[in-house]
Amino acid sequence: MESMILEVAIDTPLRQVFDYRPADGEGVPVPGTRVLVPFGRRQVIGIVVSHKERSEHSEDRLKRILRAIDPQPTLDAPLLKLLRWAADYYHHPLGEALATALPKLAREGAALLAAVEVWHLTDAGRAALAAGEPRRAPRQRAVLEALQHRTEGPERAGTTAVLGTEAVLGTEAALLDDTLPGWRDAARALRDRGWVERGTRGATRASPAAPATAVPPAPPRRPAPTAAQQAALEAICARDRDSYHAWLLHGVTGSGKTEVYLRLTEDALAAGRSVLVLVPEIGLTPQLVGRFAARFAGVPLAVLHSGLTDGARLAAWRRAHSGEARLVIGTRSAIFAPLPALGLILVDEEHDASFKQQEGGFRYSARDLALVRAQGLGIPVVLGSATPSLETLHNAATGRMTRLTLPERAAAARPPLLRLIDLRAERVHAGLATTSVTAIERHLAADGQVLVYINRRGYAPTLACTACGWVAPCASCDARMTVYRNASRLRCHHCGADRELPRQCPTCGYAVKTVGQGTERVEETLAESFPGVAIARLDRDVVRRSDQLEAVLERVAGGEARILVGTQMVTKGHDFPAVTLAVVLNADQGLFSTDFRAAERLAQTLVQVAGRSGRGAQAGEVLIQTEHPEHPLLRSLLDGGYDAFAARALEERREAAWPPFARLAALRASAPSAETTLSFLDAARRIAGRPPQGLRLLGPAPAALARRADRHHAQLLLDAADRTVLHRFLDHWLPLVETLPEARRVRWALDVDPLELF
Ligand SMILES: [Zn+2]
Ligand SMILES: [Zn+2]
């Protein structure tokens with residue numbers, strides 16, 4: 001087919017694909033295959049996205065691809081389709097979107113299949129073996145025999161090399177490791193005599209059409225499902241496994257969502273399918289990964305997250321791609337993990353903001369793409385949460401997904417008792433109201449554990465002068481620097497600036513004092529109030545690595561630490577079974593924010609913190625300190641729980657025409673000066689002309705924290721009545737924005753369905 005044209009996506013900001021002709025004398029690579037192509041003066045790796053009959057460019061000017069990187073596609077047809085859909089929906093260049101789906105080393109051309117170390121006999125070795133050599137080295141003889149047997153065995157026939165020039169048959173080193181301990185020294189001696197050689201070949205790929213026959217061994221010990229778990233499982237399993245359906249699994253903390261995930265996974269694995277589990281942050285959820293690993297001990301598992309080295313990431317991705325890993329657990333970008341026989345997608349803590357990419361260019365939502373991927377494959381998808389996002393609750397209410405509720409806690413405990421503490425009517429010392437301190441005392445005396453939540457890390461959020469009103473500012477941000485008293489430093493949480501803690505005011509020389517409290521200070525105050533009581537702290541300053549997290553969790557779970565002080569991190573899916581009291585120190589920040597999602601986030605945090613308290617049949621106690629005990633948000637949450645809050649908040653969203661009752665996109669920009677940033681956004685607004693009916697352009701407006709790390713941030717908000725209006729407008733407008741001369745002087749990105757507004 002000489003006239004065949006390949007459309008190739010290349011990792012560039014250009015919104016187009018490029019036409020190439022196939023390489024001379026080679027087959028035509030199917031869509032999804034990585035190819036090496038000449039691009040300008042360089043050679044780059046692109047991905048074939050489609051074939052066509054003819055090009056708009058004259059054929060003799062079309063270049064040929066140089067070669068295909070692999071004989072088979074890197075992205076299978078459904079995954080390629082998902083990525084094309086995502087590039088389209090988020091209005092992002094396809095080449096960059098496809099690059100996002102691959103590990104760095106795969107983008108750079110690493111082979112799809114891992115190279116496997118093999119050893120084989122040479123002709124001299126075969127002759128030596130036949131002659132009964134070597135006579136006085138039994139181990140070397142054993143190695144020769146093993147290689148002869150394996151090399152000539154029928155099971156190796158047909159294995160071809162993808163590396164090197166000729167087919168290399170041989171015995172895998174891993175097999176020798178298993179069968180002949182200490183074989184390596186013998187093999188080296190044999191190689192020195194020219195009897196054996198070491199080589200590499202590609203791993204064999206499990207065929208997606210023929211799922212692994214090995215049914216996972218029955219798990220050793222499974223708890224019997226509760227009635228609610230059973231009902232949820234029956235509802236999901238009653239549906240055809242090979243048809244799309246979206247489920248919301250709404251279960252309070254401790255209600256046993258994980259057991260439902262595990263049983264569904266077991267089911268899918270037994271049917272020869274693989275399973276993708278998305279979690280917010282692996283480092284913060286070692287317990288969930290641990291439970292999957294323990295339950296499916298015999299099932300190859302791959303874990304994909306941003307903390308992996310490039311090599312480890314490539315290895316995990318290859319195991320998924322080959323079909324070897326039947327279970328993939330990963331964070332946001334794992335939504336693009338290649339899984340040949342995917343049969344189920346689970347999204348845990350679906351409300352978590354980390355599922356939305358909020359930086360860089362390709363700002364996708366892994367949670368939303370999970371629905372699209374499941375739909376494309378015709379498989380079930382389950383979104384789980386104790387505090388579902390309002391979008392998801394709305395989807396359930398309008399029939400786009402089915403809601404399943406796990407009402408009670410698995411261990412038959414009663415829900416925690418929530419109480420507001422009026423900070424205006426209390427004596428407050430270092431952020432702790434008297435009632436809170438008394439309650440902590442009471443729970444410690446009754447052998448309980450206490451959780452103290454404060455969403456600020458460091459010692460204090462501000463350092464101020466006692467005389468002239470100076471507060472320590474960050475030189476690069478519109479923000480104050482956080483005091484770290486133990487380390488004697490001032491640090492900016494926005495740009496990372498770090499300097500010596502001044503002893504006196506740099507302006508007037510008077511004494512300085514810390515204002516407000518962070519986790520460090522609360523820990524200090526509690527240590528003074530409760531001498532001899534061991535206290536643990538959990539925040540991003542303590543936990544730089546996941547093993548540090550596990551150390552803290554162990555101190556709490558083992559009962560050594562009696563009080564745990566922590567930030568948002570304490571709400572991320574850890575079980576603290578002995579915590580009987582939770583105290584929320586500052587609930588008020590989310591009550592009066594300009595961001596329409598702030599209330600939702602606050603309610604989620606409060607419910608998640610509350611969910612950490614309660615032990616066995618004993619109800620937990622939750623104290624929420626506030627200066628606004630009459631605030632309707634807090635009242636609805638206390639009187640009717642999360643459902644009542646959500647119903648009320650959704651009604652407010654409907655009245656104000658905010659999502660999910662409208663569609664938003666934000667054009668975000670930053671530059672060293674405010675003028676440059678705003679002139680770009682002004683130009684973008686002008687070029688839009690009169691927006692179509694049903695669409696409003698709001699702004700440009702500077703970010704609440706406009707200057708961050710010496711750059712000024714601002715946005716233009718697009719507010720549309722529905723998705724079609726928004727996307728039709730973006731299709732026409734973005735190419736114009738891109739060509740604005742002002743665009744070259746800023747960093748800009750389009751954020752479709754933005755989570756945070758400023
Ligand atoms: Zn001063
Ligand atoms: Zn800063």
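For ligands, and for the atoms within them, numbers begin at 1 and follow the listed sequence. Reckoned from all heavy atoms, side chains included, excluding hydrogens, waters and symmetry mates.
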At the Zn ion (ligand 1): angle between C508 atom SG and C465 atom SG, to 10 degrees: 100°
Option from L667, L698, D751 for which side-chain contact (heavy atoms from CB on, under 4.5 Å) with L717 holds: L698
H493 backbone or side-chain N/O/S under 2.8 Å from the Zn ion (ligand 2): no
Presence of N, O or S from C474 under 2.8 Å of the Zn ion (ligand 2): yes
Where A669 and F680 come nearest, the two heavy atoms and their spacing: CB-CD2, 3.6 Å
Residues E756 and R597 bridged, charged N to O under 4.0 Å: no
Check: E600/Q604 side-chain N/O donor and acceptor closer than 3.5 Å: yes
Where the Zn ion (ligand 2) is the vertex, angle from C477 SG to C492 SG to 10°: 110°
